[in-house]
Amino acid sequence: MPGRRRSGKRRAVSRNILRTVLFLPALSAYLARMSAHDDTTAAIPLSQRAMAGQGAPYLDDLNPAQRLAVETLDGPVLMLAGAGTGKTKALTARIAHLMTTGRARPNEILAVTFTNKAAREMRDRIGRSMGQTVEGMPWLGTFHAICVKLLRRHAELIGLKSNFTILDTDDQLRLMKQLILAENIDEKRWPPRMLAGIIDNWKNRAWTPASVPAAEAGAFNNRGTELYDYYQQRLKTLNAVDFGDLLLHMVTIFQTQPDVLAQYQRWFKYILVDEYQDTNVAQYLWLRLLAQGHRNICCVGDDDQSIYGWRGAEVGNILRFEKDFPGAHVVRLEQNYRSTPHILAAASGVIDANQGRLGKTLWTAEQEGEKVRLIGHWDGDEEARWIGDEIEALQKGTRGLDPLGLDGMAILVRASHQMRAFEDRFLTIGLPYRVIGGPRFYERMEIRDAMAYFRLAVSPDDDLAFERIVNTPKRGLGDKAQQAIQRAARDNGTTLVDGARILLADKGLGGKGGAELRVLVDAIGRWNDAVRRGGNHIELAETILEESGYTAHWQNDKTPEAPGRLENLKELVKALESFENLQGFLEHVALIMDNAGEAEGEKVSVMTLHAAKGLEFPAVFLPGWEDGLFPSQRSMDESGLKGLEEERRLAYVGITRAETLATISFAANRRVYGQWQSSLPSRFIDELPADHVEVLTPPGLYGGGYGAAGMAASASPAIMAVQASDLHDKASRADVYNSPGWKRLQARSSARGMSQPRESRHMVIDADAVSSFTTDDRVFHTKFGYGTVTAVEGDKLEVAFEKAGTKKVVGKFLVAAEQAGDVPF
DNA sequence: TGCGGTGAATTTTTT
DNA sequence: ATTCACCGCA
């Protein structure tokens, strides 16, 4: 317990907190563990070796920069750690160092991460570097996990009970929807999702309903702050918080209760923060408040890898560090242990284009290696086909590289819809793959439903849980019945379950629905008793799923997903084994939304660039480098230069995931939302330093068989002028090579004496002949044939093709119809 | 209440 | 193209 053995004013504070806390059974168990930590900690023999400053095993294999980062213990430290520079190693060594030198006991160190995975890894590695299992480090965890711990102690300060529930996104949305309905707001124009997004945003910036700036209050039809206030009130009534509240409430408490803050400021002698570039304002304030005690805060991060601006992360936090913490030591980790020089040079070349960086230059002691490979394709399917072939080739071992396992290869895409082409292709050629990301275990419908039943069993006053499952499985309790229950509850000032009981007692609901509701309500009562009695919680969980009819519901379901869902439910019950009771399980799960067990076996990984942060692979494929897709048009539209720079950092993250081989590719045409779209190569491709890039020629160019690539192509004299044979194919490709991106590439390659793509000699339609078009112009496209321009948006044109329908096409791919030999009408 | 048809939207994701 | 929410009808 922080401050427990300290004297003076603080002691009174602590007693106060103790008193509050001891009345809560769940927390007294926790307290017992905490004091155990205190004892264990005191009992840990401090390493004499390390005290003498020599021979500490965790210091031995650090490079000078890392060592500096580990040994600069006093005052604020910013550890700027580039990709692959041994950041986690330095961080964990620092913690080990703090403990072995006796600077702090494990429970006086606050170490914060963003993900549970990172927290777990850090815990493991600290244990390893100390050569023993360290008991304690109760304050190593995610921002959210640590805030839950703190908030349970001090909940009463903001009008919550210590056993508050943490809502998931589903519950949150359901609440928002109720609010919007209750306020007679048009759901269509102002969807609950939007309100949720706005409120989330405000919470990320640590704004309470009262402190939302006037300039922002215009949100949601001028009723944003009002609804935010209602929402917060509703949460309080439900004794619930959402994820954003965990931080927000703690910041509020720290700001309004100086004695509470002071207690933790004194307790946390050392603070460490991982991925500091991802912190939002609320997290930043929280940290700054806590760090004002001992001022020993060490933030680790990389401004070049800040890719979560869209969810509230403020790169500014890391850029401002030296101002925020005067006298800060800045340590740069720049020696990279992951990638070849070419890969690092390519990544540096791209990120150089960003403004306002703190500036780092990665270097490596390695000498040799492959250049970054770059290849353009006709369309997304060909790109997927080519990458599939490459993966098989790498497996066998090509280009003088040792054979690579599939686990060593990854495809990193900008948007998840890009994954489909790869999944399709890999399924047809029988290449094992694994998609990382996607819906997590605890986010799946069946898991949430089951959890709602468990929540009701533990606390029958959980109205949101009741709402979720009252008619799942179907019990004939539709809108009308549910409204009746709500009314009964409201009129009697009770929970929904009790409201249902009253309704039934008053014979307010008859028929099949009434009977079913009776069964449900009675069952909930029995489960509550069972929970109160204690007993085997696993059996109880099974009983609940059985009696509720939930298992049967999926057994009777004949959709292809049903067996998988039953499987997941079994998993869920199995997961209960590592907990003492349902309460403990529910508490845990609210914060650990991890993916259940990674599938094993040699597989290629497919994931988004965001999901790839922190990972590394010998071979990395980066497909879809086309303007509009990557950088994402939406990102640029919404956030302008800031958005573009974040996209560029994403490119940097992508390239730096590769150890030995990075392959970037783009496609001239791609189906997006069922429509063909053609695009230009990504502007990031221009930023790749030519010296470190090898431009590959697609194999299809030398006579690959692509059947009906063009539609009306053969009718065009312009195409006829290309070469006689392999008409469609070459015409299509001519377009690819006519794009500005390719021209730039060719210019660069030929300047260095590299061979040009063969087709460039056959170019008939040169760039000068391709002018811009306006609405109603007749145009020709080699794949889609003749059409009429219907709209112009920047360099993209919407064209109504006669045979291929309406498409969006880049103007550069179009030829004036007359020029292509079209006879109007 | 429940099914099937129609229309609109569609980046990135942790806790 | 595909999903998802909503509406109208049985």
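Values below: every heavy atom of this structure, side chains too, minus hydrogens, waters and symmetry copies. Order of the sequence lines fixes the chain letters, A, B, ..., with proteins taken first and strands second; residue numbering starts at 1 for each chain.
The nearest whole Å value for the distance from the CZ atom in Arg193(A) to the C1' atom in dT13(B) is 12 Å. Atom CG of Asn204(A) and atom P of dT13(B) are 17 Å apart (whole Å). When rounded to the nearest whole Å, the span between NZ of Lys117(A) and C1' of dT13(B) equals 14 Å. As rounded to whole Å, 11 Å separates atom C1' of dC3(B) from atom NZ of Lys474(A). For His588(A) and dT15(B), the NE2 to C1' distance is 13 Å, given to the nearest whole Å. Between the CD atom of Glu646(A) and the P atom of dT13(B) there is a distance of 12 Å, rounded to whole Å. One can place CG of Asp170(A) at 18 Å from P of dT13(B), the figure rounded to the nearest angstrom. Between Leu629(A) atom CG and dT10(B) atom C1' there is a gap of 13 Å when expressed in whole angstrom units.
From the 5' end on, the contacts that DNA chain C makes with chain A at under 4.0 Å to a non-hydrogen atom open and close at dA1(C) to dC7(C).
Both tests hold for Arg152(A) against Phe164(A): distance to the six-membered ring centre under 6.0 Å, angle to the ring axis within 45°.
Between the side chains of Thr279(A) and Asn317(A), at least one donor-acceptor pair of N or O atoms lies under 3.5 Å. A side-chain donor-acceptor contact under 3.5 Å links Arg288(A) and Tyr284(A).
Side-chain proximity of Arg414(A) to the nucleotides dT13(B), dT12(B), dG2(B) is greatest for dT12(B). Comparing atom distances between the Thr115(A) side chain and each of dT13(B), dT15(B), dG2(B) picks out dT15(B) as nearest. Taking only side-chain atoms of Glu443(A), from C-beta outward, the nucleotide of dT13(B), dG2(B), dT15(B) with the closest atom is dT15(B).
Under the rule for a side-chain contact (heavy atoms from CB on, under 4.5 Å), the partners of Asp242(A) that lie at least two apart in sequence or sit in another chain are Gln172(A), Lys203(A), Tyr231(A), Leu235(A), Asp245(A).
Residue Ser632(A) has no polar side-chain atom (N or O) positioned under 4.0 Å from OP1 or OP2 of dT12(B).
Within 4.0 Å of Gln418(A), counting heavy atoms only, lies no atom of the nucleic acid at all. Counting non-hydrogen atoms under 4.0 angstrom, Leu247(A) reaches nothing in the nucleic acid. Within 4.0 Å of Tyr673(A), counting heavy atoms only, lies at least one base atom of the nucleic acid.
Both Asn471(A) and Leu609(A) sit near DNA chain B, but only Asn471(A) has its closest nucleotide nearer the 5' end.
Aromatic ring centroids of Phe579(A) and His588(A) lie under 6.0 Å apart.
Evaluation of Tyr308(A) against the base of dT12(B) yields no stacking contact (centre distance < 5.5 Å, interplanar angle < 30° required).
A side chain to side chain contact (heavy atoms under 4.5 Å, CB included) with Leu464(A) holds for exactly one of Asp170(A), Leu496(A), Thr165(A), Leu238(A); it is Leu238(A).
Sequence neighbours left out, the pairs with a member in residues 177-199 of chain A that pass ring pair (Phe, Tyr, Trp, His ring centres under 6.0 Å) are Trp190(A)-Phe220(A).
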